[in-house]
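Residue numbers begin at 1 in each chain, while the letters A, B, ... track the order of the sequences. Every value quoted in this text rests on a predicted model; they were computed, and no experiment measured them.
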Amino acid sequence: MIRPVGRDLFARDPRRVARDLLGKVLVRGSNGGRNSDREPLTARIVEVEAYLGENDPAAHSAAGRTLRNEVLFGPPGHAYVYFIYGNHYCLNVSCEPDGKAGGVLFRALEPLTGIEEMARARGVAMRSPRDLRLLTSGPGRLAGAFGVTRARDNGCDMTIASSGLWIGDDGYRPKAVRLSARIGITKAADRKLRYVVAGNPFVSGPRRLAAGL
DNA sequence: ATATCGATTATCT
DNA sequence: GATAATCGATATG
């Protein structure tokens, strides 16, 4: 039993949204440009980062509203997808009420269903259970596994199950959550705005960072 | 296990 | 023209 999380979860400070997204499920349903007779792609959210609308130079919204980042300023619960390093897409969900910027970046997932399709999308072979980490451990990887692109998914409403991409609650709650500095940024790099499920093997990066230290 | 580096392009200065 | 919320390959201990 899984149902979409309500929009009110997203209409808050990204730090609170980030904490509450851990343990929820990202779903690529049959309206995401896929054949409707395939099982949905689902994976549990185990690592996210908060990007604040105010006083956060690392956030894409820091320099004001542009064509690229306008979803971050729009209504909560919508997908913000951007292209980075000429290679990768990254997926965020908009936070804060309409008119105020803020977002949460999805950094790592634990695959649940549709694993073969994810492996095909990533172009990697699953030789051992350890290789599952190659599917969704990292923001570029999880976007690849779910076939996320800006053209397809930017602006998508993630609070309704009829969307191609949405966020569900199946009742699971993480036992423990840890905070650490955000990854891969140069500005405001000291702020502890990365949230991980403690001890989860699918968290991205080196072991000590995976533990949230 | 950690470190370094090249790839490749949308976006902004 | 410079930069970037990354990844995968390679090198080294």
Is there a donor-acceptor pair under 3.5 Å between the side chain of [X] and the backbone N or O of [Y]?
| X | Y | value |
| --- | --- | --- |
| A:N35 | A:D37 | no |
| A:S94 | A:P75 | yes |
| A:T149 | A:R152 | yes |
| A:T113 | A:L41 | no |

Run the side-chain donor-acceptor check on residues 81-92 of chain A: report pairs under 3.5 Å with partners two or more places apart or on a different chain.
unit_1, atom_1, unit_2, atom_2, d
A:N87, ND2, A:Y85, O, 3.2
A:N92, ND2, A:Y80, O, 3.2

All salt bridge (Lys or Arg N to Asp or Glu O under 4.0 Å) counterparts of A:R68, not counting sequence neighbours:
none
Which residues pass the side chain to side chain contact (heavy atoms under 4.5 Å, CB included) test with A:S137, not counting sequence neighbours?
A:R133, A:R141, A:S204
Note: chain A reaches DNA chain C at heavy-atom distances under 4.0 Å over the stretch, first to last nt, 5' to 3', of C:dA4 to C:dG8
For [X], which contact category applies under a 4.0 Å heavy-atom criterion: base, sugar-phosphate, or nothing?
| X | answer |
| --- | --- |
| A:R208 | sugar-phosphate |
| A:R207 | nothing |
| A:R182 | nothing |
| A:L105 | base |

I need the single residue from A:I45, A:L109, A:V46 that forms a side-chain contact (heavy atoms from CB on, under 4.5 Å) with A:F202. Which is it?
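Among the candidates, only A:V46 passes.
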Can you sort out which residues in residues 72-95 of chain A have a heavy atom within less than 4.0 Å of DNA chain B? Ascending by number, please.
A:F83, A:Y85, A:G86, A:N87
Can you tell me if CD on A:E54 sees more than 12 non-hydrogen neighbours from other groups inside 6.0 Å?
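Count not over threshold, so no.
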Tell me, yes or no, whether the heavy-atom count around A:R120 atom CZ, taken from other residues, nucleotides or ligands under 6.0 Å, exceeds 12.
yes
Strictly by side-chain hydrogen bond (donor to acceptor under 3.5 Å, both in side chains), give each pair with a member in residues 174-198 of chain A just once, sequence neighbours left out.
A:E47-A:R194, A:D56-A:R182, A:S180-A:R194
Side chain to side chain donor-acceptor pair (under 3.5 Å) with [X]: which residues, sequence neighbours excluded?
| X | result |
| --- | --- |
| A:D131 | none |
| A:E117 | A:R34, A:R38 |
| A:R130 | none |

Could you check which residues of residues 126-152 of chain A get a heavy atom under 4.0 Å from DNA chain C? Sort them by number, please.
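Of all residues in residues 126-152 of chain A, the ones placing a heavy atom under 4.0 Å from DNA chain C are A:G138, A:P139, A:G140, A:R141.
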Side chain proximity check, A:I115 to A:L135, heavy atoms < 4.5 angstrom:
yes
Give the first and the last nucleotide of DNA chain B, reading 5' to 3', that has any atom under 4.0 Å from a heavy atom of chain A.
B:dT2 to B:dC12
Are there runs of at least three consecutive Watson-Crick or G-U pairs touching DNA chain C, with each pair's two distances under 3.5 angstrom? Give them by first number.
B:1-7 with C:6-12, B:9-12 with C:1-4
